[in-house]
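Taking it in order: structure first as structure tokens, then the write-up.
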Amino acid sequence: MSSGSRRILSLLILTCVVVGATAARPAPDESLAVANGTCRSRVEPFGYACEEHTVTTEDGYILSLQRIPSGRAGASPASGGGGKVPVLLQHGLMMDGLTWLMNSPDESLGFILADNGYDVWIGNTRGTVYSLGHTSLSSSDPAYWDWSWDELASNDLSAMLQYVYDQSNQQKVHYVGHSLGTLIAFAALSDQQQHIGMLRSAGLLSPIAYLNEVSSPLAIGAADVFLAEALHWLGLDEFDPTGTAVHNLLITICKLPGVDCYDLLNGFTGDNCCLDSSSVQTFLTHEPQASSTKNMVHLAQMIRRGIIAKYDYGDATDNIKNYGQATPPVYNVSSIPDDFPLFLSSGGRDSLSDVKDVQRLEQALQSHDSDKLTVQYLADYAHADFVLAGNAKERVYEALMAFFRLQDK
């Protein structure tokens with residue numbers, strides 16, 4: 001098979017993987033989703049108060065946040081010395097804030113934290129259905145999609161964290177990220193030390209810092225044949241896995257003998273142990289979300305090079321223009337202050353946050369104060385289990401809240 005044929009085949013596979021079983025459903029009506037909003041569609045029906053907020057980033061993106069200020073039973077505030085302690089939840093790649101609300105209130109971290117007395121804030125990064133606004137650009141403009149996870153760390157996370165901190169009367173915030181939400185935290189904490197002053201701790205589920213040991217053959221193949229770069233070169237600035245053309249293609253692919261598109265979720269993220277049909281159905285109704293092709297290129301660079309660095313423009317002149325040096329600056333995870341509380345939870349079956357990559361991350365944090373670094377390992381968990389598993393409350397979230405309580409004293 002020629003290299004061109006391999007690239008086309010890999011593109012079909014990658015697209016099918018990213019969308020998972022979305023070939024069985026039509027693309028979501030984004031205008032309807034925005035009109036309903038997360039509060040109306042997913043929080044208030046369960047009896048929780050919910051507020052819709054927006055914050056504008058330094059580069060003009062208008063981001064949506066949801067706030068769940070109280071639990072169903074008016075739970076007592078988590079002790080923070082000045083009212084309820086705020087928690088900011090940040091989703092991963094091609095997801096949005098609904099990540100934290102996919103299961104029932106007794107199983108979803110957003111609801112569980114509210115019922116345990118925390119002031120819960122849910123972030124939605126640029127490009128997702130609730131964060132498509134911009135002060136001067138339309139999401140149909142190519143310039144709107146000119147960003148990677150560098151900007152999610154430097155601009156989106158900064159704006160959301162500052163907003164929650166200010167709205168909470170300058171109470172320090174617990175941060176929880178999953179997948180890409182952990183990567184942007186590592187980048188921000190190592191590159192922008194001012195964040196430390198607004199944070200109590202960071203809980204990082206399926207932590208992504210290094211990607212060169214990714215064990216998903218589908219992700220590796222996509223990176224090896226430069227699929228994202230090919231799309232970028234073709235001028236496809238938005239990576240939209242729910243577009244009509246992709247949807248129609250997937251209908252055909254998923255009818256082929258031996259192709260099980262439902263199982264591709266596990267094929268891409270690892271053999272998830274504990275997903276149930278209701279959470280998967282909620283996922284299929286709302287996800288995946290769009291990202292920028294530039295962001296996908298950046299992630300592919302990480303897989304191929306094995307380092308955490310800013311986006312590589314592929315040309316020394318362009319890198320000098322953007323960074324003042326011929327190669328992209330590297331994020332130094334070990335520069336995160338040793339006394340900053342970190343909670344890392346990883347899974348033995350995770351093919352994106354691979355065990356070897358997590359071990360390398362832990363090695364980079366080896367100088368961290370032992371009483372400020374909590375490491376949890378679940379041998380049977382894969383990537384999606386941390387946000388979709390029916391038993392994540394008992395396996396992950398209770399330990400996470402115990403960690404929070406130690407920092408709240």
Side-chain angles (χ1 to χ4, degrees), residues 34 51-67 86 88-93 95-97 121-173 175-177 180-199 202 237-239 289-299 308-313 318-325 328-332 335-336:
V34 171
E51 303 168 3
E52 296 280 357
H53 293 253
T54 59
V55 62
T56 302
T57 67
E58 188 177 83
D59 53 350
Y61 289 83
I62 302 171
L63 311 179
S64 161
L65 295 105
Q66 289 76 44
R67 181 190 187 192
L88 174 61
L89 306 179
Q90 187 55 54
H91 61 81
L93 180 67
M95 302 287 284
D96 67 358
W121 293 81
I122 299 174
N124 301 269
T125 57
R126 63 185 67 187
T128 58
V129 67
Y130 302 118
S131 295
L132 286 172
H134 192 278
T135 54
S136 62
L137 298 171
S138 164
S139 59
S140 61
D141 296 329
Y144 176 92
W145 299 98
D146 185 18
W147 50 267
S148 79
W149 59 260
D150 282 331
E151 285 74 26
L152 301 187
S154 63
N155 295 348
D156 288 25
L157 179 54
S158 295
M160 290 187 287
L161 177 58
Q162 185 69 60
Y163 185 83
V164 172
Y165 181 71
D166 291 342
Q167 291 290 309
S168 304
N169 297 317
Q170 298 189 329
Q171 276 224 75
K172 288 189 175 183
V173 181
Y175 177 88
V176 181
L180 188 69
T182 72
L183 175 59
I184 65 175
F186 285 126
L189 291 172
S190 61
D191 199 46
Q192 299 173 313
Q193 297 291 309
Q194 70 269 24
H195 288 120
I196 300 295
M198 292 185 284
L199 286 168
D237 302 284
E238 177 187 0
F239 191 91
Q289 299 287 317
S291 185
S292 75
T293 303
K294 184 177 180 180
N295 190 38
M296 306 303 286
V297 171
H298 197 178
L299 292 168
I308 318 171
K310 292 183 181 291
Y311 180 82
D312 189 346
Y313 287 87
D318 288 339
N319 283 334
I320 291 172
K321 178 182 177 181
N322 284 276
Y323 307 125
Q325 59 188 61
V330 173
Y331 292 102
N332 183 9
S335 69
I336 298 173

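- Going from atom OG1 of T125 over to atom CD of Q289 covers 9.0 Å, rounded to the nearest 0.5 Å.
- When all heavy atoms of N332 and S335 are compared, the pair lying nearest together is O-OG, 2.6 Å.
- Between P329 and Q325, the closest side-chain pair of non-hydrogen atoms falls below 4.5 Å.
- In this structure E58 satisfies the salt bridge (Lys or Arg N to Asp or Glu O under 4.0 Å) test with no other residue, sequence neighbours excluded.
- Counting only heavy atoms from C-beta outward, the side chains of I62 and H134 never approach each other to under 4.5 Å.
- In this structure, the side chain of H91 engages the main chain of M95 through a donor-acceptor pair within 3.5 Å.
- Looking only at side-chain heavy atoms (C-beta outward), S148 and V297 stay at 4.5 Å or farther from each other.
- Remark: the backbone N or O of Y313 is paired with a side-chain donor or acceptor of N319 at under 3.5 angstrom.
- Taking OH of Y311 as the reference point, atom CG of D318 lies at 9.5 Å (rounded to 0.5 Å).
- Residues P328 and Y323 have side chains in contact (heavy-atom distance under 4.5 Å, counting atoms from C-beta outward).
- For the pair W149 and I184, the tightest heavy-atom approach, listed with the atom from each and the gap, is O-CG2, 3.9 Å.
- Using a 4.5 Å heavy-atom cutoff, the side chains of I308 and L183 are in contact.
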Could you go through K172 and Y165, starting from their C-alpha distance and side-chain angles, then the distance that decides it, and tell me whether this counts as side-chain hydrogen bond (donor to acceptor under 3.5 Å, both in side chains)? CA-CA 6 Å; K172 288 189 175 183; Y165 181 71; over 6 Å; no
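- For the atom pair CG of N322 and CG of D312, the computed distance is 10.5 Å after rounding to the nearest 0.5 Å.
- Listed here is the closest heavy atom pair of S139 and E238: O-OE1, 4.4 Å.
- What you find for S158 and A153 is that their closest heavy atoms are OG-O, 3.7 Å.
- Note that CG of L189 is 5.0 Å distant from CD1 of I336, once rounded to the nearest 0.5 Å.
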Derivation of the side-chain contact (heavy atoms from CB on, under 4.5 Å) call for V173 and M198: CA-CA 6 Å; V173 181; M198 292 185 284; 5.6 Å; no
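- Closest non-hydrogen pair, L199 versus Y175, comes out as CD2-CB, 3.9 Å.
- Test L132, D156, L63, D96 against N124 for side chain to side chain contact (heavy atoms under 4.5 Å, CB included) and you get one pass: D96.
- Within the 4.5 Å cutoff, side-chain heavy atoms of L93 are placed close to those of M296.
- Between Y163 and H53, the two ring planes are perpendicular [angle over 60°; tilted spans 30° to 60°].
- Listed here is the closest heavy atom pair of R126 and L152: CG-CD2, 3.7 Å.
- Here the CH2-CG distance, from W147 to N295, works out to 5.0 Å after rounding to the nearest 0.5 Å.
- By the 4.5 Å heavy-atom criterion applied to side chains, I122 and L65 are not counted as neighbours.
- Using modelled atom types and a 3.5 Å distance limit, the side chains of E52 and Q66 yield a donor-acceptor pair.
- Using a 4.5 Å heavy-atom cutoff, the side chains of V55 and V164 are not in contact.
- For Y144, the ring-ring contact (aromatic ring centres under 6.0 Å, His included) partners are Y61, not counting sequence neighbours.
- The pair K294-D150 does not meet the salt-bridge criterion, since no charged nitrogen lies less than 4.0 angstrom from a carboxylate oxygen.
- A distance of 5.0 Å separates CG of L157 from NE2 of H195, quoted to the nearest 0.5 Å.
- Looking at S131, its side chain never comes within 3.5 Å of a backbone N or O of G127 through a donor-acceptor pair.
- For S168 (side chain) and Q171 (main-chain N/O), no donor-acceptor pair under 3.5 Å exists by modelled atom type.
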